[in-house]
Each structure stands twice: as structure tokens, then as C-alpha cells.
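These values consider heavy atoms only, across backbone and side chains, with no hydrogens, waters or symmetry-generated copies. If you read the sequence from its start, that first residue is 1, and numbering goes on from there.
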Amino acid sequence: YIGKNAADYSSNYVRGDNSSSVYQVQGISRYVFGTDHKRWTDKSLLKIEKAAIKQVSIAKKGAAPITIALEGDSAKKVWTITQPVQKAADTTKVDELLNALTNLMAAEYEDSAYTDSATGLANPSIAVSVALKSGTTRTLSIGNVKTGASKYWVEVPENPFVLLLNDYDQNKFDKNQEDF
């Protein structure tokens, strides 16, 4: 059992189950243990290594899909837009996109049950496909904004839960060809 803070505020009183002995222990915070399940769950979305990515495609409602592919040696970081019009891509901008993909975390899990049409995941506003050098593809679907939350419903096929993504993270994928 974890009790109240000790006088120094950097330790807590603890005791074991069926024990009357109480100890003062550094480094334990009762607030860490007194939280809901959302704080303890893994909210990482794609779990991919940046070096493993060979192509990224972004499909937005009402816009031509964008495909950016790694050309030649990955050590040279030569990225080319292959769709809708082939042209060289700005390596810095592509790197920002790759960083966003590899470090992407959901804001929280959605506990309530919503239909795919309500969340917008039946017909996502943005779908990001990441082709890996291993031959596998990972996808991220971004749906509607949740009313009053400044968060978007998001899902990845490997995760059975619907998650919420902060609007500033959603903006990292709301891109057009001109952005690269």
C-alpha cells in the first residue's frame, strides 16, 4: 500500500499487504499508481523505424494522392515525388514527415462506442500508407474531429482500438504536393 507523502514531499509511506510495518521510500509517487488505464497503455501508433521506410503515400479527401519514394541509396536520402507529378522532393520536408510518422502517439483511447460513419473512419479524411523495405505496408487512417475535443479519431489495422489524435499531429499529415 502506498500512503501519503512524507514531510520531504519526495518520498511516500508504504507498507506491504498483511504487514504492520510502515516504511518511507524515495522515488515512489502514489499519483503514478492512482491513475486510470489510459495512462498505462501504449499509445504509439505505427512503431516503425525511419530507416525502414521506402515510400509514403498520403490520400486526402478531395485531393490527388501524393506518393513520395526513396530513390537509390537510402544513405543519400534522395526522395522523389512520384505521384501526382514526378519531381524532386525537399529532403528536409520529407524528413519532418518521416519523423512525425515514426514518433506518432495517440492522445488517448476512445472508450465510447461510435460507428465508423460517426468517427469518419469508414471514409477517412486522410489515409497515410507507409511501404517498408521489408515489403510490408502500414496504414494510418484519420477520421473526423471529435466534437469539442480538438482531437481526431484515428486507427491502424493492427490495433483493435479506436484512438484519438491531437489536432496538431493531424496537421502533420494534412499535406499537398506543394508542401514537399
### Query
Quick one: do the K50 and N99 side chains pair a donor with an acceptor below 3.5 Å?
yes

### Task
Could you tell me whether E96 and K172 have a side-chain N and a carboxylate O separated by less than 4.0 Å?
no

#### Entry: N12 side chain reached by V25 side chain, heavy atoms, under 4.5 Å
no

### Query
Are any of the side-chain nitrogens in R138 or E158 under 4.0 Å away from the carboxylate oxygens of its partner?
yes

### Message
Distance check, rounded to the nearest 0.5 Å: I68 atom CD1 versus K93 atom NZ?
### Response
11.5 Å

### Message
What's the separation between atom CG in L98 and atom CD in E49, rounded to the nearest 0.5 Å?
### Response
12.0 Å

### Query
For Y1, which residues count as a side chain to side chain contact (heavy atoms under 4.5 Å, CB included) partner, sequence neighbours excluded?
R15, D17

### Message
Within the 3.5 Å criterion, strictly below it, is a donor on S57 or T67 matched to an acceptor on the partner's side chain?
### Response
yes

### Query
Does a donor on one side chain and an acceptor on the other come within less than 3.5 Å for Q24 and S11?
yes

### Task
Heavy atoms only: give me the nearest L165-I142 pair and the separation to one decimal.
CD2-CD1, 4.1 Å

### Query
Between T80 and T82, do the side chains contain an N or O donor and an N or O acceptor separated by less than 3.5 Å?
no

### Query
How close do S129 and T139 get, heavy atom to heavy atom, and via which atoms?
OG-CG2, 3.5 Å

### Query
For L132 and T137, what are the C-alpha separation, side-chain angles and deciding distance, and is it a side-chain contact (heavy atoms from CB on, under 4.5 Å)?
CA-CA 6 Å; L132 304 175; T137 301; over 6 Å; no

### Summary
Correct closest heavy-atom pair for D8 and Q26 would be OD2-NE2, 3.6 Å

### Task
Compare all side-chain heavy atoms of D90 with those of F180 and state whether any distance is below 4.5 angstrom.
no

### Task
Could you tell me whether a side-chain N or O of S44 sits under 3.5 Å from a main-chain N or O of K47, the two making a donor and an acceptor?
no

### Message
Can you tell me how far apart NZ (K151) and OH (Y168) are? Round to the nearest 0.5 Å.
### Response
8.0 Å

### Query
Is there a side-chain contact between N166 and M105, using heavy atoms and a 4.5 Å cut-off?
no

### Message
Quick one, Q177 with V85, criterion side-chain contact (heavy atoms from CB on, under 4.5 Å). Give me CA distance, side-chain angles, the key distance, then yes/no.
### Response
CA-CA 8 Å; Q177 181 176 337; V85 177; 3.8 Å; yes

### Query
Which atom names give the shortest non-hydrogen contact between S21 and S19, and what distance separates them?
N-OG, 3.1 Å

### Query
Between N123 and K61, is any pair of side-chain heavy atoms under 4.5 Å apart?
yes

### Query
Less than 4.5 Å apart, any side-chain heavy atom of I48 and any of I53?
yes

### Query
Does V162 share a hydrophobic cluster with V145, counting links as ILVMFWY side-chain heavy atoms below 4.5 Å and allowing steps through other members?
no

### Reported CH2-to-CD distance for the pair W79 and E71, which is rounded to 0.5 angstrom
9.5 Å

### Query
If we only count heavy atoms from C-beta on, is the L45 to L163 side-chain gap below 4.5 Å?
yes

### L164 side chain reached by Y152 side chain, heavy atoms, under 4.5 Å
no

### Query
After noting the C-alpha distance and the side-chain angles of V22 and V14, does the key distance pass the side-chain contact (heavy atoms from CB on, under 4.5 Å) rule?
CA-CA 6 Å; V22 176; V14 299; over 6 Å; no

#### Entry: Any residue meeting ring-ring contact (aromatic ring centres under 6.0 Å, His included) with W153, in chain and number order, not counting sequence neighbours
Y114

### Message
In the structure I gave you, are the side-chain heavy atoms of V56 and L97 within less than 4.5 Å of one another anywhere?
### Response
yes

### Task
Measure across N144 and S117 and return the closest heavy-atom pair with its distance rounded to 0.1 Å.
ND2-O, 3.9 Å

### Query
Where the side chain of D179 meets the backbone of N176, is there a donor-acceptor pair that is under 3.5 Å apart?
yes

### Task
Using the side-chain contact (heavy atoms from CB on, under 4.5 Å) rule, take K4 and Y13 through it: C-alpha gap first, then chi angles, then the decisive distance, then the call.
CA-CA 6 Å; K4 66 180 186 174; Y13 294 109; 4.2 Å; yes

### Task
Only counting residues at least two apart or in another chain, list the ones meeting side chain to side chain contact (heavy atoms under 4.5 Å, CB included) with D174.
K60, I126, Q170

### Query
Of all heavy-atom pairs between L121 and G143, which one has the smallest distance, and what is that distance?
CD2-N, 3.6 Å

#### Entry: Hydrophobic cluster identity match, L70 and V128, side-chain contacts under 4.5 Å
yes

